Every structure is written in C-alpha cells, then in structure tokens.
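In what follows, a structure is listed as structure tokens, so that the remarks can point back to it.
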Amino acid sequence: EDIKMSTTPTLDGYNIHRYIDVITGHTLIEEEELKRLHNINLSDSDEEEQDVVLGELLEQFPRDENTDSDALQFDLGLNEIYKELVVELRNEAFKIEANGVVGINFNITPLMMRSGNTTNIHYKITCSGNAVWIVDQQS
C-alpha cells in the first residue's frame, strides 16, 4: 500500500489511529551547488512550467506580499532537494511500518565551515514529519 504524505497535520478522508515516531532526513549542500541547481532548474524549464512549480510552492509554503521573486526562484532550486528528502521520509516510514507521514516541514540552516584559511557556506536542509498509522474514515 502507498504511504500517504502531507505537510498538514491531518489527511483528508483518514483518521490517525496511532502516532508512531518523528522521522527526519537531511542533506548538506554547498552554497555553490545550490546556486547551480537553481540555474539548471531555471534554464531547463519553460516559463509556464516555472509558474506551475512556483504556484505549488506558494500553496505549500505561503509567503506575504513582501516576498521578492528572487526568494521564490531560490525555492525553485530547492524543490528537487525537497523531493529527495520526502522520498527519504517515505523510506523511513516504510521501515517502521507506518502508512502515513503528516506535518512534513523543511528547515534550512546555514553553516560556516572552515578549511584552513578558507570559509565556505554550506546549508543543512532538514525534512521532518510524524510517522503515523492511518485508517480510512469509512472503515
């Protein structure tokens, strides 16, 4: 059976029977790699596709009217990383025999990493959620 995933604390049509555990996934990425991903995503997709992806991001992560377009395009570069982390959560949920993950959220933490005299910026991107056992409301 498919594992249901949601950024909301509930799933429409399902009751949460049991909360199993909080699960997390993370990745560490260099600032330059993040910029490269951003540029690839912008050049490989057409304008209409970008609008669809940005619209989906706005639905999942609402912004206020002061958010600039650069911030939204930065999110477009993160979209692939987010997808990979959600797959990681799905795998973790499967291992602990959950059939749903609710309350999925993302956190980005900048890290200053020194190597000799050089300081580089990396980002730790963390995805977490509640692994649950859900039952269909009609059951």
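Model, not experiment: these values are computed from the prediction.
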Joint hydrophobic cluster, I81 plus L111, side-chain heavy atoms closer than 4.5 Å: no
Side-chain cluster (under 4.5 Å, hydrophobic types only) that V22 belongs to, other residues: none
For N120, all residues meeting side chain to side chain contact (heavy atoms under 4.5 Å, CB included), sequence neighbours excluded: T118, H122
V101 versus A93, closest heavy-atom pair with distance: CG2-CB, 3.6 Å
Which residues share a side chain to side chain contact (heavy atoms under 4.5 Å, CB included) with N91, sequence neighbours left out: V87
Where I104 and C127 come nearest, the two heavy atoms and their spacing: CG2-SG, 3.7 Å
Which atom of I20 lies closest to which atom of W133, heavy atoms considered: CD1-N, 4.0 Å
Contacts of K83 that satisfy salt bridge (charged side-chain N to carboxylate O under 4.0 Å, His left out) - sequence neighbours left out: E80
Working for side-chain contact (heavy atoms from CB on, under 4.5 Å), residues T119 and M113: CA-CA 6 Å; T119 301; M113 303 187 91; over 6 Å; no
Main-chain N/O of I23 paired to D21 side chain as donor or acceptor, under 3.5 Å: no
Matching residue for I125 among N107, L85, T109 - test: side-chain contact (heavy atoms from CB on, under 4.5 Å): L85
Inter-residue atom distance H17.NE2 - N99.CG, 0.5 Å rounding: 10.5 Å
Residues V102, T8; criterion side-chain contact (heavy atoms from CB on, under 4.5 Å); working and verdict: CA-CA 6 Å; V102 297; T8 63; over 6 Å; no
Sequence-distant partners of S115, side chain to side chain donor-acceptor pair (under 3.5 Å), two or more places apart: none
Where at least one partner belongs to residues 90-117, residue pairs that pass salt bridge (charged side-chain N to carboxylate O under 4.0 Å, His left out), sequence neighbours excluded: D2-R90, E92-K95
V135 backbone acceptor or donor facing N15 side chain under 3.5 Å: no
Atom of P9, atom of Y19 and distance for their closest heavy-atom approach: O-OH, 4.5 Å
Atom pair CZ (F106) and OG1 (T126), whose distance is rounded to the nearest 0.5 Å: 10.5 Å
Contact list for residues 102-113, test salt bridge (charged side-chain N to carboxylate O under 4.0 Å, His left out), sequence neighbours left out: none
Nearest-0.5 Å distance that lies between atom CG in L89 and atom OG1 in T24: 7.5 Å
Sequence-distant partners of I121, side chain to side chain contact (heavy atoms under 4.5 Å, CB included), two or more places apart: E31, M112, Y123
Evaluation steps, side-chain contact (heavy atoms from CB on, under 4.5 Å), between S128 and N105: CA-CA 6 Å; S128 63; N105 66 73; 3.4 Å; yes
Shared hydrophobic cluster, V86 / L28 (ILVMFWY, side-chain heavy atoms < 4.5 Å): no
